[in-house]
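What follows is one structure encoded as structure tokens, with my remarks underneath.
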There are 2 protein chains.
Amino acid sequence: MEKLLVNDAELCESKLVLALNDTLNVISGKWKLPIMASLLSGKKRFSEIERNIPTINPRMLSKELKELEINGIVARKVNDSKPVTVDYELTSSGYAIRPVLEVMINWGMEHRASIMGKK
Amino acid sequence: MEKLLVNDAELCESKLVLALNDTLNVISGKWKLPIMASLLSGKKRFSEIERNIPTINPRMLSKELKELEINGIVARKVNDSKPVTVDYELTSSGYAIRPVLEVMINWGMEHRASIMGKK
DNA sequence: CCGGATCCCTGGGGATACTG
DNA sequence: CAGTATCCCCAGGGATCCGG
């Protein structure tokens with residue numbers, strides 16, 4: 001009985017670790033979070049995101065957007081205008097990243113404050 | 001007036017970006033989060049953490065612990081026993097990482113579910 | 001305008017062996 | 001036990017140019 005509880009706990013723990021790794025993998029790399037943050041304010045075009053993140057280069061932007069699309073975070077839409085333009089938008093799952101960002105920002109601010117306090 | 005509001009907004013936005021970067025820098029690398037997670041359940045010794053994270057090697061563990069200490073996330077305490085043992089413990093700022101982990105885990109689970117739902 | 005193709009280079013991280 | 005010291009490797013990412 002004792003043993004069973006332990007197994008359940010381990011099972012539960014491993015699921016948490018998996019979920020954490022999912023998140024970590026999805027936001028991995030230097031640009032995913034900045035890109036998602038940029039898209040939080042709504043649908044944007046390739047060049048708009050590019051201007052939004054001045055230090056990124058088109059290769060990286062393209063690559064990261066592709067990965068985000070594969071992972072179901074952003075949706076890509078080609079407009080048949082001339083010249084062709086492309087819109088990127090967060091999926092609902094993508095928009096749901098907001099709480100993650102908020103909590104990270106909160107912790108960053110509080111941590112900085114606590115460091116200052118001790119100095 | 002309009003212009004002033006824009007500046008405030010930009011100022012605020014840049015603080016948020018800084019805080020996010022603080023967090024990202026602190027948890028950067030492959031092992032910081034696992035180590036912190038391991039220490040969430042309380043003070044541990046070097047070898048205990050090592051056994052807790054089977055795939056890490058001593059060099060990495062040492063390096064990451066040092067960075068975490070420098071960043072005010074863990075506290076190191078040497079016990080003058082024989083042989084010498086060392087305890088690592090999260091600071092209050094370190095323990096405060098828990099909500100970050102929780103929210104990341106939540107998002108990971110929900111995201112996985114939403115992917116499954118669409119398939 | 002939106003990328004793809006190439007080349008290059010740095011540093012994060014693995015493996016192993018050694019020491020106080 | 002709690003780390004150091006070395007050596008090595010590769011993938012993430014920068015720069016630049018090209019094409020639909």
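Every chain is numbered from 1, with letters handed out A, B, ... down the list of sequences.
- Side-chain atoms of Arg112(A) and Trp107(A), non-hydrogen and from C-beta on, never get closer than 4.5 Å to each other.
- Contact check for Val86(B) versus Lys77(B): no side-chain heavy atoms found under the 4.5 Å cut-off.
- Straight-line distance from the CZ atom of Arg51(B) to the C1' atom of dC1(D): 10 Å, rounded to whole Å.
- Neither side chain, Ser47(B) nor Lys44(B), offers a donor N or O lying under 3.5 Å from an acceptor on the other.
- Residue Lys82(B) has no polar side-chain atom (N or O) positioned under 4.0 Å from OP1 or OP2 of dC1(D).
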Carefully, step by step, assess Leu16(B) and Leu20(B) under the rule side-chain contact (heavy atoms from CB on, under 4.5 Å). CA-CA 6 Å; Leu16(B) 298 188; Leu20(B) 181 59; over 6 Å; no
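- One interatomic measurement links the two molecules: CG of Asn52(B) to C1' of dA2(D), which rounds to 17 Å at whole-angstrom precision.
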In the 5'-to-3' direction, what one-character label does each nucleotide of nucleotides 3-11 of chain D receive under the scheme B = base within less than 4.0 Å of a protein heavy atom, S = sugar-phosphate only, - = no such atom? BSBB-----
Once Watson-Crick and G-U wobble pairs under 3.5 Å are found, how is DNA chain C written in dot-bracket notation, 5' to 3', with | for any base paired to another strand? |.||||||||||||||||||
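- One can place NZ of Lys63(A) at 14 Å from P of dA15(D), the figure rounded to the nearest angstrom.
- In summary, contact between chain B and DNA chain C, defined as any nucleotide atom under 4.0 Å from a heavy atom of the protein, begins and ends at dG13(C) to dA15(C) in the 5' to 3' direction.
- Along DNA chain D, the nucleotide nearest Gly29(A) and the nucleotide nearest Val84(A) are compared for position; the residue whose nucleotide lies closer to the 5' end is Gly29(A).
- In this structure, NZ of Lys77(B) is placed 19 Å from P of dC1(D), rounded to the nearest angstrom.
- Between Glu67(B) and Lys32(B) a salt bridge is recorded (basic side-chain N to carboxylate O distance below 4.0 Å).
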Would Leu65(B) and Arg76(B) count as a side-chain contact (heavy atoms from CB on, under 4.5 Å) if you check the C-alpha gap in whole Å, the side-chain angles of each, and the deciding distance to 0.1 Å? CA-CA 9 Å; Leu65(B) 280 172; Arg76(B) 195 182 110 110; over 6 Å; no
